[in-house]
Amino acid sequence: MNGAAQDLYDRQIVERARNPLYAGELPVPDLQGEGRNPLCGDRTRLDITLEGHHISQIRHRTRGCALCIAAADMLAERLGGCGLEEARAVGARFSAMLVAPDDPAETTVQKAAKRIENPPEGIPSLGGMEPLMAVRFHKARIRCVELPWVALKEALAHVRV
Amino acid sequence: MNGAAQDLYDRQIVERARNPLYAGELPVPDLQGEGRNPLCGDRTRLDITLEGHHISQIRHRTRGCALCIAAADMLAERLGGCGLEEARAVGARFSAMLVAPDDPAETTVQKAAKRIENPPEGIPSLGGMEPLMAVRFHKARIRCVELPWVALKEALAHVRV
Amino acid sequence: MNTDRTLKAAPAGKLDVQAVRAQFPILSETVHGRPFVFLDSGASAQKPAVVIDCMADAMRHQYANIHRGLYWMSERTSEAYEAVRGQVAAFLNAPSHEEIIFTRNSTEAINLVAHSLGSLMKPGQAVLISEMEHHANLIPWQMLRDRSGVELRVAPITDEGDLDMEAYGRLLEDGKVALVAMTHMSNVLGTVTPAREIADRAHEAGALVLFDGSQAAVHRRTDVQALGADFYTFTGHKLYGPTGIGVLWGRRALLDDMPPFLGGGDMISSVTFEKSTWANVPHKFEAGTPAIVETIGLGAAIRWVESIGFDAIEAHEQALTAYALEKLADVPGLKVVGAPKQRGGVISFTMADVHPHDIATLLDRNGIAVRAGQHCAEPLMRRLGLHATTRASFGVYTDTHDIDVLAETLARIRDFFV
Amino acid sequence: MNTDRTLKAAPAGKLDVQAVRAQFPILSETVHGRPFVFLDSGASAQKPAVVIDCMADAMRHQYANIHRGLYWMSERTSEAYEAVRGQVAAFLNAPSHEEIIFTRNSTEAINLVAHSLGSLMKPGQAVLISEMEHHANLIPWQMLRDRSGVELRVAPITDEGDLDMEAYGRLLEDGKVALVAMTHMSNVLGTVTPAREIADRAHEAGALVLFDGSQAAVHRRTDVQALGADFYTFTGHKLYGPTGIGVLWGRRALLDDMPPFLGGGDMISSVTFEKSTWANVPHKFEAGTPAIVETIGLGAAIRWVESIGFDAIEAHEQALTAYALEKLADVPGLKVVGAPKQRGGVISFTMADVHPHDIATLLDRNGIAVRAGQHCAEPLMRRLGLHATTRASFGVYTDTHDIDVLAETLARIRDFFV
Ligand SMILES: Cc1ncc(COP(=O)(O)O)c(C=O)c1O
Ligand SMILES: Cc1ncc(COP(=O)(O)O)c(C=O)c1O
């Protein structure tokens, strides 16, 4: 495949989509959430168990494209063991990165690279999810990697932290 | 005024509009008809008296532009004394002339001139109404000279010939 | 003609009219062998080269159907289309680009509100319009009345052509008026209505307010928040933009509550044969493939208008209108219709003994384009006791030379008939 | 790539594809550094230079608002606009140009009928559509159902993707169906429906019939009289024409009886505040300033299509579709959706283990534009047991090279994922 596609369909992403590590369900989840894209029928369901104010386990059932599956799996990986507050903060950062407004002085690639590599102080890192940020340059696909985060939001909607 | 306007606003037409010969009403009309152009509020009313199957007199009350007034007055002049059948035929010819399809081989002026000057056999002449034919080249104004003929049609609608 | 366009200075303001004119290819055309003098911008404005080129360029280099397309051409075209929503929002000072709905024209925008908001109204409620509405802001409400039993009220105007504010207040008194739908500028009288006051009084009486900005948005800066509007409409082709594109702005909370108008692709969230759910605004109100290239062209038109700036445009048009009123006063037998407190660049007139149709045709033979008739405002004509008028309307490219030629030719036409 | 566009002969018929391609400026663009391969004509076609130039020329040299204008520019523009009505009537073999109504797109045309004809329907009557409708021919009828209590029936399709004619007949049996509204060609399956038979059976059962010709009118000669249609719709942007312009054809007697849809200027005969009367068709259905330049552009598109001729277009597209079906059959894991009796130039497919979104994005990175998703036909997707498909659709400019590049790239994408 050609250069920029390689960026988006990074080997890590494609591998993760083919062999997700966190696919499946949990027998007795404490929280559940679902994200749907009615325009293409894609869907992610999250099962979450808690230990106090921490996420202990996450599993996802995803019907979607490679980006969506990888995003769900990477979410599960990143947030396992996380505090609920931190989980929300990671989600906020993830969304903000996806739609960050353009700074015309920089090339888009420079800009994204900078923001991804140097998160401002106190802001949680995206960890292994960074390869997903290439989707910034494929606007129509942003919805695909956001879907698991929509599911997370639903799951956390009724939990007070 | 400039050339072609002169054609349309022929001295005869302007004179006739300023000093119509047949404006007014008839005390006891046998037939009446009205033509209206709702798009500009213009209106012609015709009063007609009959002698047998002949029109004896016509008067018109016209609220409209110079072309409309002249057309109404010329109609009254041309049809006074006419048989009803001939009146209808003159009307048909008048309308046909106004919308005659274009023959691309001739210039429009040649063509109109020819048709006006040489009516096919058996077809009634337009008499003094010929100057009105210049309106053919001003499509948006055709409705103005047709209005009195709409009134005539209404007046004759219920008369058997 | 003893007037010479190239030697005259611009009438006022910082606008260089000759530089503006040079950007409109059509203004160099001749008509009946005469230079084209275009005084019908109120019906539709001419298009600057940047608008024409922008549309052609889109179709030459960057076009595909928008939304849903996961490929470069579609993404770029979607971006270009959606960017215009932001531009329009800024143009109107609307709080959000999501409140901008693209329609075919102002007429469709008003019909959309009449259908969608109208379907929420009940018998016993009323819609209040004025005597000087364009048919576009009258017929949709008549049709709503006949469909649903809502009452249609008409606020009178004064003999000068201003809204009668006292009568307007009285019509609001019983609290039954759910919506005031009023022109922001009359296309016949040129009257600019006191929108803020109209809106305040409407709101005090519990009514919403829609302004038909088809004429107003062309001549002055529009700030829907400062005006206190709930809905505002305008139409691209009068704003030096393409045909086939218009705008409805509405407050988000209202648009959210309104049911969709047209059904089809792109306005849904999910669909089964039994039941469908709707997309969020603005998409809920944009069914099917929109006027993509025309929307992009509207963006170019707005960019162009803003590059000149409404300060310059308004100053130019005000000076020109004052000049025209003066010049026309010298034409024997000519009477200007209405004397509103505030007038945009529109002047309707009558000329004793000469019918507007004859005036228009004879002006045309001299290359001058004006409008004659009822101007899609038949009830207003009746109110004014007229059957038709002749109307000259001005745009950013109109200059004093145009006015001089008009006045001189009118005087000659008058001589011809008298 | 070992295929070379310039050295290949046209696949069939008399159409010189390379000469056709040369008339579409956008086809020489590159995308991500690759030559642009456009296989999404079913969503919207690209525009030949003659259409682009015709629109630009109108705005440069001959433009003004139409109707009502008593001056040269307005009369000429009105003539150009009205001439397209005649062209469209000939294009559809409609009995009269007065039966041609200009709309924004096919979606609006169908909504017009759903509102206007729909307002004459009563509870107890039914509208019958099929399982393979585009949302444009589904949602308007759902909205009518919810507004007025008319029943909505859905005729099933076979597993091959053809209309199930037996079931269709049964749904008509009780005589309650007032209108059959059906696609003339599916935008997902490519199915060309047996329109004449559908119409005959509808008429026998006392129903009217509307065909959604959005796809069909692009690929084959359309004769509304031979089809036995009562209404027919199509959309300009798929016919190599501008956005913002569509067509509704309807039989005169029906249009005469139908109330207007949108209210405003140009659709009235007379107006008072109490009551208005309507203009004759087609003007009754065209409120406000229409998409003037786009209508003129549609005229140029139809002229262009007719200069090539539907014999050549159909032969070309049939040969190309056959070629594509063969080539795609060789791609491992690829499954074409549906096998209708008659197929226009549209092929939907799935590829085992690779999601349509991924396919579309990876094709795009190679310059190839296809569509992926539900194609505004969500209930059809459900019927097919699919969540989404990838769709390649062909136009008059599509050549075998495009197909070769598609097939090769799909094979490489498959390798990438498996
Ligand atoms: C005041 C006013 N309202 C509405 C309209 C309708 O605009 P459009 O025909 O573009 O819908 C016009 C233009 O004719 C107008 O002048
Ligand atoms: C079968 C069918 N019907 C209707 C439409 C709607 O066309 P438009 O979006 O131009 O109104 C389409 C195009 O997407 C289509 O393919």
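In what follows, chains are A, B, ... by sequence order, proteins preceding strands, each numbered from 1. Predicted model only: the values in this text are computed from it and were never measured.
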>> What part of Ile66(D) gets within 4.5 angstrom of chain C, counting heavy atoms only: side chain, backbone, both, or neither?
In response: backbone

>> Could you measure the distance from the CG atom of Leu39(D) to the OG1 atom of Thr390(D)? Nearest 0.5 Å is fine.
In response: 12.0 Å

>> Could you work out, with salt bridge (Lys or Arg N to Asp or Glu O under 4.0 Å) as the rule, every residue matching Asp53(D), not counting sequence neighbours?
In response: Arg60(C)

>> Nearest 0.5 Å, please: how far is CZ in Arg153(D) from CZ in Phe273(C)?
In response: 15.0 Å

> What part of Leu112(C) is in contact with chain D, defined as an atom under 4.5 angstrom from a non-hydrogen atom: side chain, backbone, both or neither?
Replying inline: neither

>> Working to the nearest 0.5 angstrom, can you tell me the gap between Met73(C) CE and Ser78(C) OG?
In response: 12.5 Å

>> Just checking Phe24(D) against Phe38(D), ring centres under 6.0 Å apart?
In response: no

>> Taking side chain as everything from C-beta outward and backbone as N, CA, C, O, which of these in Arg104(C) sits under 4.5 Å from a heavy atom of chain D? Side chain, backbone, both or neither.
In response: both

> Looking at Pro259(D), Gly69(D), Gly373(D), Ser41(D), which one has more heavy-atom pairs under 4.5 Å with chain C than the rest?
Replying inline: Gly69(D)

> Is it the backbone or the side chain of Leu70(C) that comes under 4.5 Å from a heavy atom of chain D, or both, or neither?
Replying inline: both

>> Shorter than 4.5 Å, heavy atoms on both sides: which option in Glu75(C), His237(C), Lys275(C) has the most such pairs with chain D?
In response: His237(C)

>> Using heavy-atom distances under 4.5 Å, tell me whether Ala45(D) contacts chain C through its side chain, its backbone, both, or neither.
In response: backbone

>> Which atoms of Ile296(C) are under 4.5 Å from chain D, going by heavy atoms: the side chain, the backbone, both sets, or neither?
In response: neither

> What residue in Asn137(C), Val370(C), Asp146(C) has the most heavy-atom pairs under 4.5 Å with chain D?
Replying inline: Val370(C)

>> Nearest 0.5 Å, please: how far is CD in Gln142(C) from NE2 in His135(C)?
In response: 9.0 Å

> Between Gln374(C), Arg145(C), Met267(C), which has the largest tally of heavy atom pairs under 4.5 Å with chain D?
Replying inline: Arg145(C)

>> Between Ala114(C) and chain D, with a heavy-atom cut-off of 4.5 Å, which part of the residue counts as in contact: side chain, backbone, both or neither?
In response: neither

> chain C heavy atoms under 4.5 Å from Ile268(D): which part of the residue, side chain, backbone, both or neither?
Replying inline: side chain

> With under 30° as parallel and over 60° as perpendicular, where do the rings of His32(C) and Trp72(D) fit, or are they tilted in between?
Replying inline: perpendicular

> Most heavy-atom pairs under 4.5 angstrom with chain C, which of Lys47(D), His134(D), Arg371(D)?
Replying inline: Arg371(D)

> Highest number of heavy-atom pairs under 4.5 Å with chain D: which of Leu262(C), Asp40(C), Val154(C), Asn105(C)?
Replying inline: Leu262(C)

> Is there a donor in the side chain of Asn65(C) and an acceptor in the side chain of Thr289(C), or the other way round, less than 3.5 Å apart?
Replying inline: yes

> Pick from Ala372(C), Cys376(C), Ser270(C): which one has the most heavy-atom pairs with chain D under 4.5 Å?
Replying inline: Ser270(C)

> Pick from Ile292(D), Val271(D), Asp364(D): which one has the most heavy-atom pairs with chain C under 4.5 Å?
Replying inline: Val271(D)

>> Taking side chain as everything from C-beta outward and backbone as N, CA, C, O, which of these in Pro260(C) sits under 4.5 Å from a heavy atom of chain D? Side chain, backbone, both or neither.
In response: both

> If every non-hydrogen atom of Thr107(D) is compared with every non-hydrogen atom of Asn111(D), which pair is closest and at what distance?
Replying inline: O-ND2, 2.8 Å

>> If the condition is side-chain hydrogen bond (donor to acceptor under 3.5 Å, both in side chains), which residues does His283(D) pass it with, not counting sequence neighbours?
In response: none

> If you take all heavy atoms of Trp278(D) and Met143(C), which pair is closest and at what distance?
Replying inline: CH2-CG, 4.2 Å

>> Please classify the contact of Glu29(C) with chain D as side chain, backbone, both or neither, using a heavy-atom distance under 4.5 Å.
In response: side chain

> Of all of Ser276(D), Ala360(D), Ala377(D), which one pairs up most often with chain C through heavy atoms under 4.5 Å apart?
Replying inline: Ser276(D)

>> Using a 3.5 Å distance criterion without hydrogens, assess whether the side chain of Asp266(D) forms a donor-acceptor pair with backbone atoms of Glu286(D).
In response: no

>> Can you tell me which of Glu108(D), Met55(D), Gln62(D) forms the most heavy-atom pairs within a distance under 4.5 Å of chain C?
In response: Glu108(D)

>> Looking only at heavy atoms and a cut-off of under 4.5 Å, which of Glu274(C), Arg76(C), Lys238(C), Glu133(C) has the most pairs with chain D?
In response: Glu274(C)

>> Please classify the contact between His357(D) and chain C as side chain, backbone, both or neither, with a heavy-atom cut-off of under 4.5 Å.
In response: both

> Are a donor atom and an acceptor atom from the side chains of Thr235(C) and Ser214(C) found within less than 3.5 Å of each other?
Replying inline: no

